[in-house]
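Presented below is the structure to which this report refers.
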Amino acid sequence: MRFFYGKQQLSTLDRAQEENFLLTNGLGGYASVTSGYGVNRCDMGILVAAVKAPNERITMVHRLRESLTLGKKQYWLSTQEFADKTEAEDGYRNQVSFSYEYNPCWTYEVRGITVERRCVMDFERNTTAVIYTVENRSGEDCTVTAEPFCKFAPKEQALEESKTFTFEKNSVTDGQYKLYIHTDGTLSGEKPVWQMLAYPEDAKDGRPEEGMCGAVCKAEFAIAAGETKTFELIFSMEEQVPSGAQMLADHEERMKKLLEAADLSDPLARQLVIAADAYIARRDSTDGKTILAGYPLFSDWGRDTMIALPGCCLATGRFEDAKSILRT
């Protein structure tokens, strides 16, 4: 089942920020930002890593600030609200669609240039790949720039002050955690940049309504006039990772195998098979499987797991996972 949001559903800042996607990695880690490619909650992120599966989760990359430079003018691709006087990034104005089937896809049109962005998480790795395809019909060379803004803090922690990030060759560290960055673009360090983000969805629930994140590097992708190119930007807790293209192929193949095992024909039932997979995760303490009660807030509990097990595992044909969950 493919979900599609067109220009009408992305026509204002509020509308662009009201929907969000969820990708998970089978460890309790996840990626989740809005359909406008922003964060409006503290516990959203491009890479929220489960450093101890499934419940010790650290927000490594909170957001990506992305722009397209054509001539002397810069156009936002990302969308973001800030808690200080910083003007909001309005990438949603250049966005023509957001869709989701096996993974999320954003499409932008800027003066004859089409930018398509896809995200995928690698199964049982704390790794997120962002894949760009840029078609440049503008008659001028252009550049796409992506800056990873990091937290390196528990997913629910809203940073109140900056910390020290160090960029080293192809990684960022705070002395405790290390984020590896793999790209076929040009990766370079930059002077630390800190932002105070607004969390309007958290404010509704009485949680902190703002928090900080920082960037110390950026990736740049050059596209010549008349050229179509695909680039990758991969964030991981591991030094060696597959390509983004391989992750996309592996993820789609895994989803198809889940559907085949479930052997259901109704489109809604098939969608629920895929959705259920997000909640089944590894538990390090038992060397087995468990079910998370929800993302992004909840952990795994016996009551919720037993309620969810028939739908997540038995109706979907995942009997070995059901056995492992009961042992856990």
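When every heavy atom of V273 is checked against every heavy atom of A262, the shortest pair comes out as CG2-CB, 3.7 Å. Counting all heavy atoms, side chain and backbone alike, I280 lies closest to C312 at CD1-O, 3.8 Å. Between S138 and N136 the shortest heavy-atom distance is OG-OD1, 2.7 Å. Of all non-hydrogen atoms in A153 and L159, the two that sit nearest each other are CB-CD2, 3.9 Å.
Heavy-atom contacts from other residues, nucleotides or ligands closer than 6.0 Å to CZ of F3 number more than 12.
Ion pairing between E252 and K256 holds under the 4.0 Å rule for side-chain N and carboxylate O. A salt bridge does not link K218 with E147: none of the charged nitrogens is closer than 4.0 Å to a carboxylate oxygen. The pair E124-K289 counts as a salt bridge, with a side-chain nitrogen and a carboxylate oxygen less than 4.0 angstrom apart. Salt bridge status for K257 with E260: absent, with no side-chain N to carboxylate O gap under 4.0 Å. Looking at R282 and D284, a side-chain N of the basic residue comes within less than 4.0 Å of a carboxylate O on the acidic one, giving a salt bridge. Using a cutoff of 4.0 Å between basic side-chain nitrogens and carboxylate oxygens, K155 and D43 are not scored as salt-bridged. A salt bridge is defined here as a Lys NZ or Arg NE, NH1 or NH2 lying under 4.0 Å from an Asp or Glu carboxylate O, and E135 with R137 meets this definition. Look at R125 and E238 and you find a salt bridge, because one of the NZ, NE, NH1 or NH2 atoms lies within 4.0 Å of a carboxylate O, short of that distance.
Remark: E160 CD to E210 CD distance equals 8.5 Å, nearest 0.5 Å. For the atom pair CZ of R207 and CG of D202, the computed distance is 4.5 Å after rounding to the nearest 0.5 Å. Taken from CG in N170 to CD1 in I181, the straight-line distance is 7.5 Å, to the nearest 0.5 Å.
Using a 3.5 Å distance cut-off with no hydrogens or angles, the side chains of R318 and T316 do not pair a donor with an acceptor. Using modelled atom types, one finds a donor on one side chain and an acceptor on the other under 3.5 Å when comparing Q17 with T34. Side chains of D300 and T290: a donor on one and an acceptor on the other come within 3.5 Å. E66 and Y37 share a side-chain donor-acceptor pair at under 3.5 Å. E109 and T114 form a side-chain donor-acceptor contact under 3.5 Å, judged by distance and modelled atom types alone. In this structure, a donor-acceptor pair under 3.5 Å is absent between the side chains of T12 and D14. Side-chain polar atoms of Q74 and T69 form no donor-acceptor pair below 3.5 angstrom. With no hydrogens or angles considered, a side-chain donor-acceptor pair links E89 and S78 at under 3.5 Å. Side chains of R111 and Y75: a donor on one and an acceptor on the other come within 3.5 Å. Between the side chains of N25 and D122, no donor N or O sits under 3.5 Å from an acceptor N or O. Looking at R63 and Q195, their side chains do bring a donor and an acceptor atom within 3.5 Å of each other.
Looking at heavy atoms from C-beta onward, D90 lies out of side-chain contact with T79 at the 4.5 angstrom threshold. Side-chain contact check for P296 versus V48: every heavy-atom pair is 4.5 Å or farther apart.
Ring-plane geometry between F152 and Y177 is classed as perpendicular, the angle between the planes exceeding 60 degrees on a 0 to 90 degree scale with a lower cut at 30. Note: W106 and F98 have tilted aromatic rings, judged against thresholds of 30 and 60 degrees for the angle between ring planes.
Residues passing the side-chain hydrogen bond (donor to acceptor under 3.5 Å, both in side chains) test with T230, sequence neighbours excluded: T133. Every residue was checked against the side chain to side chain contact (heavy atoms under 4.5 Å, CB included) condition with A222, not counting sequence neighbours, and none meets it.
A cation-pi contact, defined as under 6.0 Å to the ring centre and within 45° of the axis, is absent between R41 and Y199.
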